[in-house]
Structure formats: C-alpha cells, structure tokens
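To find a chain, count down the sequence lines: A is the first, B the second, and so on, and within it residues start at 1. Hydrogens, waters and symmetry mates are skipped; everything else that's a heavy atom, side chains included, is used.
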Amino acid sequence: MSETAALAELAKRRGFFFASNEAYGGTAGFYTYGPEGAALKRNIEDAWRDLFVRELGNMELEAPTVMPEAVFEASGHLEGFDDMILECAECGATHRADHLVEDAVPDIEDAEALGTERVAELVAEHGIGCPSCGAALAEEPVEEFNLMFGTNIGPGSGAPGYLRPETAQGIFVEFPRLKEYARNTLPFGVAQIGRAYRNEISPRRALVRVREFTQAELEHFIDPERDRPPIEAVEDVEVPLYSASAQTGDGDGGVERHTVGAALEAGPLESEWVAYYLGRSVEFYERIGIDMDRFRYRQHLAGERAHYAADCWDAEAEIGGNWIEVTGFAYRSDYDLSKHGEHSGEPFTVFRQYDEPRTVERAVVDPDMSYLGPEFGEAAGEVADALEALAGRDRSAFEGDSVTVELDGETHAVPVETTGFAVEEQTEAGEHITPHVIEPSFGVGRLVYSVLIHAHGTDTVDDEERSFLELPAAMAPTTVAVVPLMTKDGLDERAEGIAARLRADGFEVAYDDTGNIGRRYRRQDEVGTPYCVTVDYETLEDDTVTIRERDSTEQKRVSADDLSAVIRRLVSGDALSEL
RNA sequence: GCGCCGUUGGUCCAGUGGUAGGACAUUGGCUUCCCAAGCCAAUAGCCCGGGUUCGAUUCCCGGACGGCGCACCA
C-alpha cells in the first residue's frame with residue numbers, strides 16, 4: 001500500500017480525518033477532523049501561534065468568514081478568481097476561454113479583462129478550435145466560473161457577499177483600526193488562524209486540495225524604506241533552497257542548502273524580509289514534526305508569481321512522491337493596502353515622521369472671491385481652483401500684473417492682486433506612506449497531512465510488525481497513556497488514580513485496560529502517544545511505575561510521585577535514557 | 001469540469017442474477033506478571049436513484065464519492 005493510502009486508512013480508522021457527510025454520500029472537498037486529528041491540528045496551530053504571534057511579538061485577530069462584495073472588488077478576487085470556461089460540445093472538454101484567445105491572437109495578453117461576450121466573439125472571429133478534438137468552438141457560450149462561494153447578506157438578494165477565499169483580507173480591511181491600535185507605528189504584524197473557502201473545480205488528494213480549509217497567516221506591515229528584519233537572528237539557519245534557476249535548468253537542478261545569510265549575499269534569496277521568515281519558519285516545521293529531508297523552499301518562477309509579488313517562495317513537503325505547497329512566503333508590496341485605500345476612500349496609510357521636520361517653500365493663493373464672483377459668475381469657483389493649481393506648478397505665472405487661466409478652452413485674465421498669491425514657508429513633519437506587506441501564509445490542513453505522512457512508519461518489535469506515528473511529544477493528541485498490567489489485584493484502581501493525577505497536572509491522558517498489554521502499547525503507538533505509564537505489581541510495593549517510550553519501546557522505572565515532573569522533562573526534549 | 005478505473009461489515013479484501021464470506025479491528029468472557037499471543041462468544045456490510053428481470057449487491061442508464069491522467073490551482 002502506498003504511504004498515502006496507508007495513512008488514509010489509518011486516518012479513517014483511528015479518527016484523524018475522514019470525508020464529511022458520508023451518511024449522505026459524501027461531499028467532495030470537505031473533510032472532518034476526528035478526535036485525534038482535531039487535537040493534532042490544534043497542537044500545530046498552538047505551536048504556530050506560540051512562534052509567530054507570541055515569540056515574534058505580533059498580534060492576533062479573528063475576522064468574519066463572510067465579507068461583502070466590495071472587499072473582493074478591491075482585492076481583485078472578484079475578477080481574478082473568475083475563470084472563463086468554455087465547453088466543447090463535441091468532446092465535452094472544458095477550456096479556459098481567455099487562454100485560448102490569448103494563444104490564438106498575438107496582440108491580446110489579458111483576454112479576461114475583455115469580458116465574456118467579447119471573448120466569445122474573438123473565439124468565433126479567429127475560428128478557434130477545441131485543443132482536445134479540434135471541433136469548432138464558435139457556437140459555444142463562454143461562461144463564468146467563480147472560485148468564491150457566494151451568499152447573500154441579510155434577507156433577499158440585496159447585498160451579495162462571499163466566503164473569504166483567504167484569511168488575509170480580513171486583516172487588510174481592518175488596517176485603519178489596527179494601525180491605531182499599533183499607535184500609528186510601523187512595523188507591526190497581525191496574524192490570524194481561520195477558515196477560508198474556495199469552490200475548487202476538482203478537489204483531490206485528501207487534505208491537499210479541499211474546498212474549506214484552515215489558514216494561518218501573518219501580515220507583517222513594514223515601512224519599506226526604513227524597516228529591516230532582525231536578520232542576524234536567522235542568518236546561520238540552514239535552509240534547503242530550490243531556486244528558480246535550478247528549476248529552469250540554469251543551475252544544477254537540485255535543492256541546495258545554504259545559510260540564510262549566505263543565500264542573501266550570493267543569491268538566490270532576494271528580499272531580506274522573505275529570507276527572515278524562511279529562516280524563522282524552519283524552527284516551526286521542525287517543532288511540528290515535518291521531516292526536513294522531505295522538505296524544500298521553492299522559488300516561484302517569473303511567470304508564476306502574482307503581479308504584485310516581488311519575491312515569492314513556497315515551502316513544500318514531499319508526500320507520496322509529490323511536492324505539495326504547505327506555505328507561501330510572499331512580498332506583497334503595498335498592493336493590498338493601496339487597493340483598499342483606492343476603493344474605500346479610507347486612509348490605508350501610516351504617517352511617517354521625517355527625522356527632522358522639513359521646511360518647504362510653497363506657493364499658495366487666497367483668491368478674493370468678492371472680486372472673482374461678480375467678474376466670472378458661476379465659473380468663479382473653477383477659476384479659483386485653477387489659480388491654486390497653477391500656483392502649485394508655475395509660480396512665475398504670477399509675476400506680472402495679471403495671470404491667465406484656461407477653463408474649457410476659454411482664457412480668463414485675473415489681476416494678480418486679487419489672487420492673494422504668496423510664497424510661504426511651511427513646516428512638514430512627515431508624510432503618509434502605504435506600508436508594504438510580507439505574508440507568510442500556512443495551510444494548516446496540509447501541514448497536518450504532511451506531519452502525519454512523515455511521522456507514519458512501521459518497524460518490527462518482537463517479530464511483530466508495528467505501525468506508529470513518530471510525532472513530536474508536544475504535538476501528539478495524547479501525551480501519556482496509563483495502562484495497568486492486569487485488571488485485577490487493585491492494579492486498575494491504582495492506574496486510574498495515577499491517570500487522574502496526571503490529568504489534574506494538565507496532561508492529555510488516555511487510560512486503557514482492555515486486552516493484553518502489548519495490544520495497548522500498539523494502539524498508542526499508532527496514534528502517536530509518546531509515553532505509556534505502566535502500573536504493575538511493583539507499583540503496589542514501592543510506588544514506582546514504568547515509563548515506556550514509543551520510539552525505542554524502552555522502559556524506565558520512576559517514582560509515581562515524580563511522574564508529572566519527569567514527563568514534563570521528556571516532553572520538553574530530554575531523553576528517557578538520560579533520566 | 002472531461003476521460004479511464006473503481007465503490008461489499010469500522011478497516012482491508014474475496015465473491016455471486018436466487019440478498020454474502022474471510023482477515024484484521026471492536027465488545028464481552030476465560031487465560032496471561034510488559035509489547036497486536038491463545039480459546040469461546042457477540043456486534044456489524046453489498047454507495048444512491050431508475051431500468052431490465054419472477055427475482056439485481058451482481059447486468060444497463062444516471063447520480064454521488066474516490067484513485068489516476070488532462071484541465072484548473074488569482
């Protein structure tokens with residue numbers, strides 16, 4: 001059985017994840033995390049939060065999943081997530097109509113912007129045929145397919161809304177308030193863990209491509225001219241880089257390991273900020289249990305990156321022979337905030353003070369409206385505006401006795417003394433800038449899946465095959481299982497007492513007294529429980545128990561009183577053999 | 001979305017035009033002083049709809065779901 005098939009079987013049987021709504025035939029693209037999976041996912045999210053929110057000093061928010069249409073008009077999703085689909089009546093294949101037109105007509109590069117009707121006309125005019133079977137497509141309608149789930153906000157159909165296709169917009173749209181919260185000072189980072197929705201044409205491969213998924217995103221707002229990441233914190237971190245040139249065959253074609261510092265100096269890393277987060281993320285992947293030998297950072301190819309992304313890398317994990325994207329690291333520049341600023345009319349900017357206030361000379365006017373009014377009638381206001389504009393661009397026009405402005409092809413002469421023209425010195429403390437954004441965007445479901453695939457293994461213990469999940473102790477759904485050797489002579493009562501105490505001390509504890517002891521160990525191995533505590537006859541004599549380690553199957557006897565402290569040490573990384 | 005293949009207890013599979021069988025798992029009992037052991041018993045299934053047929057889990061059509069390929073993946 002392939003590793004993906006083996007994991008799918010395990011995931012279903014042991015409650016990690018499974019297709020949703022199976023009682024009703026199932027719904028493609030939706031998965032339910034079972035008890036083990038929900039716990040693992042939560043632990044991974046907490047690890048992410050611990051690093052990207054707490055340790056890096058960022059803030060976290062929680063925004064709605066439904067947003068009004070205007071947000072996606074601004075973000076570009078309404079247009080950009082909309083595909084033009086054209087179906088061939090002959091063979092039934094569907095094609096991107098805009099791509100067909102772009103391929104067939106040399107001077108058209110963005111057919112999508114032309115609209116469906118025009119694209120349909122172009123298909124007919126150029127006699128474009130079906131790439132699959134060659135049949136003429138002239139009679140086929142070009143249809144829109146939007147990857148966003150639409151809904152209505154409020155009764156009726158008055159206010160269209162969409163389920164967000166990425167969590168990021170929930171942060172961007174709140175920027176004006178968030179910058180207030182951040183006391184108008186850059187840089188600051190805002191994180192969010194939440195659901196996003198895409199009505200994928202073809203959901204595939206378990207948790208890899210689904211229609212509802214969890215993202216953990218950080219939007220780090222910076223002043224592109226002044227802010228630098230604390231790169232020294234990560235410059236010695238080694239990162240496996242799969243550069244664009246390696247992918248296109250210019251390089252040696254493989255993954256190269258560099259330190260962040262070296263890769264910034266000599267390439268292929270370009271942006272310090274992206275490099276910083278690549279370096280930071282290594283620790284995260286290691287902590288959650290990604291096998292770093294099956295992991296790489298892949299640089300986007302030139303044609304692959306979004307038009308606003310200056311430097312873009314994906315973190316990819318190898319699963320069943322395929323590389324899947326688990327994180328996108330993008331330098332989004334000021335694209336998102338600028339768009340929301342333009343569309344909303346609100347200031348998506350931060351005031352940046354100059355080091356020293358600057359004194360600038362500025363030509364101003366203060367027209368005497370009691371003259372302009374009677375003289376120019378209803379055009380007076382426009383004349384005044386024209387004077388102000390003229391003062392800004394050509395103060396020499398005000399040197400004579402009269403100044404001439406042109407309005408709708410008509411020239412108007414205005415006596416200079418009525419314009420209130422003056423050159424003033426003004427002090428400017430700073431300017432409004434639109435912050436740039438660095439966005440590490442993690443797909444939580446894909447991380448859960450990668451961690452499970454990488455952790456899943458089999459070995460042989462006492463001639464029996466064993467299936468186990470080598471999860472980091474801190475990620476495991478259950479930290480410790482308490483098992484009595486026998487369910488008699490009071491061993492089980494004693495074990496229940498120990499389990500209760502461990503629970504009171506804050507551990508995720510399982511208690512199991514069914515079947516023989518080996519079976520119970522294997523059960524815990526299979527869901528990744530790192531430690532089993534066994535209560536045996538010696539426990540009754542001297543109050544000691546054994547701790548069994550999942551990975552080595554080795555055991556060590558410790559005092560029941562020390563149990564919580566010992567397990568705490570083990571979870572934080574101490575080895576059982578060194579206790 | 002298209003094409004090919006598939007869908008049988010919880011899981012993995014066998015099988016059949018006369019409504020099914022195994023393995024593992026699960027539960028209970030016995031046994032057992034540390035790694036899925038053994039014995040006994042129990043629970044539990046033919047994806048959905050329509051058609052053909054005396055009778056369909058089996059054949060045909062459609063749908064849902066899954067795997068792979070193509071397309072798609074701002």
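Going from atom CG of A:Leu485 over to atom P of B:C35 covers 9 Å, rounded to whole Å. Across the protein-nucleic acid pair, A:Arg209 atom CZ and B:G69 atom P stand 12 Å apart, rounded to whole Å. Atom pair A:Arg14:CZ and B:A36:P shows a separation of 15 Å (rounding to whole Å applied). B:C35 atom P lies 17 Å from atom CD of A:Glu549, rounded to whole Å. Atom CD1 of A:Ile517 is separated from atom C1' of B:C34 by 6 Å (rounded to the nearest Å). For the pair A:Glu22 CD and B:G10 P, the computed distance is 10 Å after rounding to whole Å. Straight-line distance from the CG atom of A:Leu10 to the C1' atom of B:G10: 13 Å, rounded to whole Å. Atom CZ of A:Phe172 and atom P of B:A74 are 16 Å apart (whole Å).
Contact annotation for A:Glu325: no contact, since no heavy-atom pair falls under 4.0 Å across all strands. Heavy atoms of A:Thr546 sit under 4.0 angstrom from at least one base atom. Contacts of A:Arg548 with the nucleic acid, taken as non-hydrogen atoms under 4.0 Å apart, include base atoms. Counting any heavy atom pair closer than 4.0 Å across all strands shown, A:Asp462 reaches sugar-phosphate atoms only and no base atom.
Using cut-offs of 30° and 60° on the angle between ring planes, the pair A:Phe442 and A:Tyr285 is tilted. Using cut-offs of 30° and 60° on the angle between ring planes, the pair A:Tyr197 and A:Phe149 is perpendicular.
Among the candidates A:Glu217, A:Glu219, A:Glu166, the single residue satisfying the salt bridge (Lys or Arg N to Asp or Glu O under 4.0 Å) test with A:Arg332 is A:Glu166. Applying the salt bridge (Lys or Arg N to Asp or Glu O under 4.0 Å) test between A:Asp512 and each of A:Arg519, A:Arg522, A:Arg523 identifies A:Arg523 as the sole match.
Taken from CD in A:Glu3 to OG1 in A:Thr458, the straight-line distance is 11.0 Å, to the nearest 0.5 Å.
Rounded to whole Å, the separation between the P atoms of B:G10 and B:U43 comes to 14 Å. For the C1' atoms, the distance linking B:G9 with B:G69 amounts to 33 Å, nearest Å. Separation of the C1' atoms belonging to B:U58 and B:U19 is 11 Å when rounded to the nearest angstrom. Taking the C1' atoms as reference points, B:U53 lies 22 Å from B:C47, given to the whole Å. For B:A42 and B:G22, the P atoms lie 12 Å apart once the distance is rounded to whole Å. Taking atom P in both B:U26 and B:G18, the straight-line distance is 35 Å, to the nearest Å. Comparing the C1' positions of B:C72 and B:A14 gives a spacing of 39 Å, expressed to the nearest Å. Taking the P atoms as reference points, B:U16 lies 40 Å from B:G29, given to the whole Å.
You'll find the side chain of A:Tyr521 reaches within 4.5 Å of the side chain of A:Val483, heavy atoms only. Looking only at side-chain heavy atoms (C-beta outward), A:Ser243 and A:Val255 stay at 4.5 Å or farther from each other.
Nearest to the side chain of A:Gln555, among B:A74, B:G1, B:C35, sits B:C35. The side chain of A:Arg198 lies closest to B:A74, out of B:C34, B:A71, B:A74. Listed nucleotides: B:G28, B:U32, B:A71. Nearest to the side chain of A:Lys488: B:U32.
Between the base of B:C48 and the side chain of A:Tyr24 there is no donor-acceptor pair shorter than 3.5 Å.
Counted by atom type alone, A:Ser338 and A:Asp336 present zero donor-acceptor pairs between their side chains at under 3.5 Å. Side-chain contact of A:Tyr242 with A:Gln247: a donor-acceptor pair under 3.5 Å is absent, judged by distance alone. Of the N and O atoms on the side chains of A:Gln169 and A:His340, at least one donor lies less than 3.5 Å from an acceptor on the other residue. If you check the side chains of A:Gln524 and A:Arg550, you find no donor sitting under 3.5 Å from an acceptor.
Closest approach of A:Ala317 and A:Val326 over heavy atoms only: CB-CG1, 4.1 Å. Annotation for A:Phe18 and A:Gly34: closest pair CE2-CA, 3.9 Å, computed over non-hydrogen atoms.
Contact between the side-chain N/O atoms of A:Arg519 and the OP1/OP2 oxygens of B:U26 is found at a separation under 4.0 Å. At B:U26, none of the side-chain N or O atoms of A:Arg13 fall inside 4.0 Å of OP1 or OP2 (strictly under the cut-off). The shortest distance between the side-chain N/O atoms of A:Asn516 and the OP1/OP2 oxygens of B:A37 is below 4.0 Å.
Secondary-structure stems of RNA chain B, taken as three or more successive Watson-Crick or G-U wobble pairs (i with j, i+1 with j-1) under a 3.5 Å distance threshold, comprise B:1-7 with B:64-70, B:10-13 with B:21-24, B:26-30 with B:38-42, B:47-51 with B:59-63.
Here A:Tyr297 and A:Phe295 bring their ring centres to under 6.0 angstrom of each other. Checked against the 6.0 Å centroid threshold, A:Tyr277 and A:His220 count as a close aromatic pair. In this structure, the ring of A:Phe221 has its center less than 6.0 angstrom from the ring center of A:Phe175.
Both tests hold for A:Lys41 against A:Tyr33: distance to the six-membered ring centre under 6.0 Å, angle to the ring axis within 45°. Geometrically, A:Arg296 engages A:Trp323 in a cation-pi contact, judged by NZ or CZ lying under 6.0 Å from the ring centre and within 45° of the ring axis.
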Polar atoms only, N or O, under 3.5 Å: list the protein pairs with nucleotides 39-41 of chain B and their distances.
none

Pairs: protein N or O with nucleotides 7-9 of chain B N or O, under 3.5 Å:
none

What's touching nucleotides 66-68 of chain B from the protein side, N or O pairs under 3.5 Å?
residue : atom : partner  : partner atom : Å
B:G67   : OP1  : A:Arg205 : N            : 3.3
B:C68   : N4   : A:Arg204 : NH2          : 3.0

Produce the list of close N/O pairs, under 3.5 Å, pairing protein atoms with atoms of nucleotides 12-14 of chain B; give distances to one decimal.
residue : atom : partner : partner atom : Å
B:C12   : OP1  : A:Lys12 : NZ           : 3.3

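Applying the salt bridge (charged side-chain N to carboxylate O under 4.0 Å, His left out) test to residues at least two apart or on different chains, the pairs with a partner in residues 444-470 of chain A are A:Asp459-A:Arg466, A:Arg466-A:Asp525.
Ranked by how close their nearest RNA chain B nucleotide is to the 5' end, A:Glu464 and A:Gly26 are led by A:Glu464.
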